[in-house]
Visitor: 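Pasting a structure below so you can have a look.
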There are 2 protein chains.
Amino acid sequence: MNDSPRRRELTRLAAQLFVQEGFDRTTVRMLAQEMGIKSGSLFHHFRDKQEILCAVIEEGTQNALAIAREALEACAPTPEARLHAMARAHLETLLTDRNAHVVALYEWRRLDAESRAHLSHLRDAYEALWQEVVGDALEAGLIHGDKFLVSRFVLGALNWTVRWYDPEGSRTPEELARELIAMITPPSH
Amino acid sequence: MNDSPRRRELTRLAAQLFVQEGFDRTTVRMLAQEMGIKSGSLFHHFRDKQEILCAVIEEGTQNALAIAREALEACAPTPEARLHAMARAHLETLLTDRNAHVVALYEWRRLDAESRAHLSHLRDAYEALWQEVVGDALEAGLIHGDKFLVSRFVLGALNWTVRWYDPEGSRTPEELARELIAMITPPSH
DNA sequence: CCTACCGATCGGTAGG
DNA sequence: CCTACCGATCGGTAGG
């Protein structure tokens, strides 16, 4: 609905707080203070706290989808390059200061039924893109297994990196993506 | 400390509620009602809400560690059988009505510094066991990659199953474990 | 294990 | 966007 610069800035700050503290522990007063306004003023921009979560998750998923599509267009048209591009794009949106995507994955269950219905098509589109790329890699003989299971295992491995990745460490998201693809690819490739 | 049957039953019920609702949304009143007592009475068994979480996570991790060790002793002494036994044990504690292990993984960040210090040795022991089994599989040439990265990717893929697994579906945890190992193992094996 | 209750804090509102 | 405030609910306690 509304999409003012003010609302966008609040959405960005909310994403940061939701990652740091979790949605339930983030209070409207914390978000207001971060923005430099009073808590009551938040509800000029959002109907309620749930709508803030919804805005963050929508932004995070849309951005992840856009980045993934750009990465696919920019890379070589081989199944291996496309798989690597997807993994790299996913990790970069998760690990390089893109809080909204982390919220989309880790706070999805906090959405009420209405918000979930509104956002599920976006989520499905992102997963469908993954299944397409994984499916092509399977047909090319690059990897093996069931399309849906492989997609879920790979996404799980990627999503869990949020829990242990150290940005000050020696590995970049790109290297992590390469290592994951190497793990599921026979050495002959 | 205390370990009465009453406290154990409360820990079991708390694990169930923490998985369903999340730790933050579970109130002491919900837990008391589930147990059939008044909320004030809970604090005869636990100092505060944090200690309930600590008890659940301790139980979940200890149980996962015990089940994994049993599985390793019962299986064939080959790297492949041991890897499969670990994955299967992990999935069964996560997916087959063992709520405490899910809480240990998904609510770890809700622990305060004191509880975390008390439990980190248990968590480390479980991860060390995984790294040992993965390390043996690497040396045997069954899989390839970095020991720590492979361990983390595999555990991530397993942990994320909680988010999409359907107990009414057609696949058992054992089949899931087999498919995951197949994914990271060259077809020649 | 219960009754009775507490101070704090929560999300959200009314009126300007 | 602020002031001023609300009803509800939270974790936890005292005294029995």
Visitor: Checking A:Arg12 against A:Glu59 for the salt bridge (Lys or Arg N to Asp or Glu O under 4.0 Å) test, could you report, in this order, the C-alpha distance in whole Å, the side-chain angles of both residues, the deciding distance, and whether it holds?
Guide: CA-CA 9 Å; A:Arg12 199 184 62 81; A:Glu59 205 258 322; over 6 Å; no
Visitor: Evaluate the side-chain proximity of A:Leu53 to A:Val103: yes if any heavy-atom separation is below 4.5 Å, no if none is.
Guide: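 A side-chain contact under 4.5 Å exists here.
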Visitor: At under 4.0 Å between heavy atoms, what does A:Lys38 touch on the DNA or RNA strands: base, sugar-phosphate, or nothing?
Guide: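 Base contact.
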Visitor: Applying side-chain hydrogen bond (donor to acceptor under 3.5 Å, both in side chains) between B:Tyr126 and each of B:Gln62, B:His90, B:Arg69, report the one that passes.
Guide: B:His90
Visitor: Roughly how far, to the nearest 0.5 Å, is OG1 of B:Thr185 from CG of B:Leu142?
Guide: 4.5 Å
Visitor: Both A:His45 and B:Met30 contact DNA chain D. Taking the nearest nucleotide for each, which residue is further toward the 5' end?
Guide: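 On the 5' side of the pair lies A:His45.
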Visitor: Would you indicate whether B:Glu175, at its atom CD, is surrounded by more than 12 heavy atoms from other residues, nucleotides or ligands within a distance under 6.0 Å?
Guide: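 Buried by this count: over 12 neighbours within 6.0 Å.
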Visitor: Just checking A:Arg6: base, sugar-phosphate only, or nothing, at a heavy-atom cut-off of under 4.0 Å?
Guide: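 Sugar-phosphate contact only.
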Visitor: Using distance alone, with no hydrogens and no angle criterion, decide if B:His45 and B:Glu51 have a side-chain donor and acceptor under 3.5 Å apart.
Guide: no
Visitor: Walking along DNA chain D from 5' to 3', note the first and the last nucleotide with an atom under 4.0 Å from a heavy atom of chain A, and give both.
Guide: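 Terminal contacting nucleotides, 5' to 3': D:dC1 to D:dT3.
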Visitor: For C:dG16, what is the paired nucleotide under Watson-Crick or G-U wobble rules, both distances under 3.5 Å?
Guide: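 WC or wobble partner is D:dC1.
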